[in-house]
4 protein chains.
Amino acid sequence: MNVQLTSAEKKQAIFESTLRLISDYGFHGTPISQIAQHAGVATGTIYHYFASKDELIVELFRYSKQKIQDATFRDHDASAEYHNRFVTTWINLVKYYVQYPQVLSFFEQFYSSPYVKEIFTDETVCFQDEISLFLKEGIRDGYIKQLDINIISAAFLGTVIATAKRGTSQYFKFSEEDLENMVGIIWDGIKK
Amino acid sequence: MNVQLTSAEKKQAIFESTLRLISDYGFHGTPISQIAQHAGVATGTIYHYFASKDELIVELFRYSKQKIQDATFRDHDASAEYHNRFVTTWINLVKYYVQYPQVLSFFEQFYSSPYVKEIFTDETVCFQDEISLFLKEGIRDGYIKQLDINIISAAFLGTVIATAKRGTSQYFKFSEEDLENMVGIIWDGIKK
Amino acid sequence: MNVQLTSAEKKQAIFESTLRLISDYGFHGTPISQIAQHAGVATGTIYHYFASKDELIVELFRYSKQKIQDATFRDHDASAEYHNRFVTTWINLVKYYVQYPQVLSFFEQFYSSPYVKEIFTDETVCFQDEISLFLKEGIRDGYIKQLDINIISAAFLGTVIATAKRGTSQYFKFSEEDLENMVGIIWDGIKK
Amino acid sequence: MNVQLTSAEKKQAIFESTLRLISDYGFHGTPISQIAQHAGVATGTIYHYFASKDELIVELFRYSKQKIQDATFRDHDASAEYHNRFVTTWINLVKYYVQYPQVLSFFEQFYSSPYVKEIFTDETVCFQDEISLFLKEGIRDGYIKQLDINIISAAFLGTVIATAKRGTSQYFKFSEEDLENMVGIIWDGIKK
DNA sequence: CATGAATGAGGATTCATTCAT
DNA sequence: GATGAATGAATCCTCATTCAT
């Protein structure tokens, strides 16, 4: 039996229960004790893996960010046509959030909280994620308008988030066609 | 000079103090005692105006929502051309959030928190705000695509928020031209 | 119109609502604000009549004590036969408490609270109430056993209270006969 | 010597500290913080053992009730003559209260407070304690009058309480003979 | 006299964190 | 490593009391 694996599994169990609980009850509403209980470990154990609740949350952010990136670009074919890659990426991202609404909810909370400051301490780290790089590529190669990455990124991510949020509401479900319409709007808007 | 504040003024002072502090330190990070101190009243006084911290926050949401709506549609001329009204409304909203970043920050926190459930208890109340009505009007009158209000609204508000967020970052300032480019993207995307 | 009367009436209204509320919710559970509301006056008004909540309660005790005494001895004929007077007094007292259970409840709370110390500061004031005097008379005149007033009084009042308490329970109602049986027990026990 | 207290011992320490303080200062007058300090634990620790102050008080009631019952019936010989058992039980109970006046004081406060409702929710649980059963036995077997248990119990307990209260006053001490006189009164009153 | 808004000390409760086992 | 009892600082909220009107 591999103890290393067990340790990683335990860490993941802590991540998953944190994600679910924070998504349901908010940062404030989820005590460490409850996270521990849900994850099937003792409170003290969490402090073996994370120095503090804050660190747990920041680590969870990094963990989730990575998982999203992996999922969004899993089948990404860098040699394919840019427009197709754009559509696929946008839809993948929306679908991921719709499938894992806790992640969307956690991200939204995270970005609107004082925690962000711990992550984005200076500009250098911004826009280095795969999505920003993909969008920069589109600008550079002339597929999309020569606008600031801030504008393009706002159009791309703003609509992803807004769409995914509505897609997880209990009152409305987007069809595949809706999504294609939606990404069509964006593409029409930012394509060169 | 009248040092004696009316009841409404005191309530507003509490609102403003709450807004600023929550925007800086989050729901969790701003104790009632601090809100009171900043507003220049005693802790107990807050409980004359609001039954609980939760109620204060929910009321602050309504108050801010109203102020935004007033500001966005202040000079709205319903008889003007739809495209112009669209551009003006989108830009007004972005500018409001950029001018009052605490409101944006508070809204983002509010929408990602368990509080929303207290406000949006059923579907009937959704999409009845002035912005949604304005967008519905555009769909009905054939100025914008015949898509679900969820889609149109996501495109409109998602980009407003995403743009305003970037506009309040310390590293980037949108010019008037940037904003017009941005709203151009959306309009190109959703116009009929 | 007589303002003096209005003042007295207001004081009585405060007493009555205090009595009812304390009986229902306890000393702890009834804030001055609630007493004021029930009595139809402002909180501040209560402080015109009573220096503090404590004083209000101690005054209410004296007021209720007086009312009980008046009711119990209203038709008392000091020239009647002792045994009959004993039976009548015991039954009157029980009936009073059963009719005004708030008074019983308030008294019980009062006697078990630190307030008593404010009333019975030394022995001199004890056993000077009419009931004690009536019992002492019985001992002196040889109708009841030559025991300490503490014993006789315990037998008399202990059974009154215990009987009245059971009589106000929702599950049991004493008949006139029950009461006569009960006082018979006491009389049989303490008569000479 | 074992400085480490077991869970049960710590709970008992909290009980004893609560009993003493409530008896001296009343429910209202004894903050959790003081209970904790007297018991030699941290405030938070109390909340490991009891969900709330209310629960602590209700649990303390049960704990004390059990202790009293154990003490009163410790040497009870069910095969002895009924009259003797009656005298012994009555006197044991008075002596217990006189020895542990905090228990008497706590009970009196408890019974006159809104807490009772949490304990006695329906009639079925009443009169099932050992004392009531003992009195019912006396009625059934013809040693005492065929009166309702409410009446008999009122006569028994009412006099116990009233006697014990006077016995704990600083101004009067019952002698063994006084107690025998007192129980003689009751017995004479309720015996068949 | 009467009012009730304002005060702020005090109290119940929570929860991140520690540490002896 | 893992546990979870213990800690106590921090927070929300209550309410007796005051005082300007």
Side-chain angles (χ1 to χ4, degrees), chain A residues 3-4 6-7 10 27-37 40-57, chain B residues 3-7 10-11 27-37 39-56, chain C residues 3-4 6-7 10 27-37 40-57, chain D residues 3-7 10-11 27-37 39-56:
Chain A
V3 272
Q4 196 66 23
T6 300
S7 172
K10 208 165 269 185
F27 288 140
H28 187 179
T30 74
I32 286 277
S33 59
Q34 213 172 124
I35 293 173
Q37 200 179 354
V41 300
T43 25
T45 306
I46 291 187
Y47 286 85
H48 271 288
Y49 293 97
F50 307 97
S52 67
K53 193 184 183 183
D54 282 15
E55 192 185 294
L56 163 59
I57 287 170
Chain B
V3 266
Q4 214 59 33
L5 295 177
T6 67
S7 175
K10 204 161 272 182
K11 220 170 161 176
F27 290 140
H28 185 176
T30 74
I32 285 279
S33 58
Q34 215 171 121
I35 293 172
Q37 198 177 1
V41 298
T43 16
T45 305
I46 292 190
Y47 288 88
H48 266 286
Y49 294 96
F50 307 97
S52 65
K53 192 182 183 183
D54 281 15
E55 191 185 294
L56 164 58
Chain C
V3 272
Q4 196 67 22
T6 301
S7 172
K10 208 164 269 184
F27 289 138
H28 187 178
T30 74
I32 287 276
S33 59
Q34 213 172 124
I35 293 173
Q37 200 179 356
V41 299
T43 24
T45 306
I46 292 187
Y47 286 85
H48 271 286
Y49 293 97
F50 307 96
S52 67
K53 192 184 184 183
D54 281 15
E55 192 186 293
L56 163 58
I57 287 170
Chain D
V3 267
Q4 214 59 32
L5 296 177
T6 68
S7 173
K10 203 161 274 181
K11 219 170 162 177
F27 289 140
H28 185 175
T30 73
I32 285 278
S33 59
Q34 215 172 122
I35 293 173
Q37 198 176 1
V41 299
T43 17
T45 305
I46 293 189
Y47 288 87
H48 266 286
Y49 293 96
F50 307 97
S52 65
K53 192 183 183 182
D54 281 15
E55 191 185 294
L56 164 59

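Letters A, B, ... are given to chains in the order of the sequence lines, protein chains preceding strands, and every chain is numbered from 1.
The phosphate of F:dA6 (OP1 or OP2) has a side-chain N or O of D:Lys10 nearer than 4.0 angstrom.
Residues that satisfy the side-chain contact (heavy atoms from CB on, under 4.5 Å) test with D:Phe50, not counting sequence neighbours, are D:Lys11, D:Ile14, D:Phe15, D:Ile46, D:Glu55, D:Leu56, D:Glu59. Residues forming a ring-ring contact (aromatic ring centres under 6.0 Å, His included) with D:His28 (at least two apart in sequence, or on another chain): C:His28. Among residues two or more places apart in sequence or in another chain, the side-chain contact (heavy atoms from CB on, under 4.5 Å) test is passed with D:Thr45 by D:Lys10, D:Val41, D:Ala42, D:Tyr49.
With axes fitted over five pairs at each extremity, the angle between the ends of the helix from E:dA2-F:dT21 to E:dT21-F:dA2 is 0° (10° resolution).
Judged purely by atom type and a 3.5 angstrom limit, D:Lys53 has no side-chain atom pairing as donor or acceptor with the backbone of D:Pro31.
Taking atom CD1 of C:Ile57 as the reference point, atom C1' of F:dA16 lies 11 Å away to the nearest angstrom. Distance, A:Gln37 CD to E:dT14 P: 15 Å, rounded to whole Å.
In this structure, B:Ile32 CD1 and B:Gln34 CD are separated by 11.0 Å, a value rounded to the nearest 0.5 Å.
Contact record, A:Thr43 with A:Ser33: CG2-CA, 3.4 Å, taken as the closest heavy-atom pair.
Using a 4.0 Å cutoff on non-hydrogen atoms, the parts of residues 28-35 of chain C near DNA chain F are C:Pro31, C:Ile32, ordered by number. Taken residue by residue, residues 40-56 of chain D places heavy atoms nearer than 4.0 Å to DNA chain F at D:Val41, D:Ala42, D:Thr43, D:Gly44, D:Thr45, D:His48, D:Tyr49.
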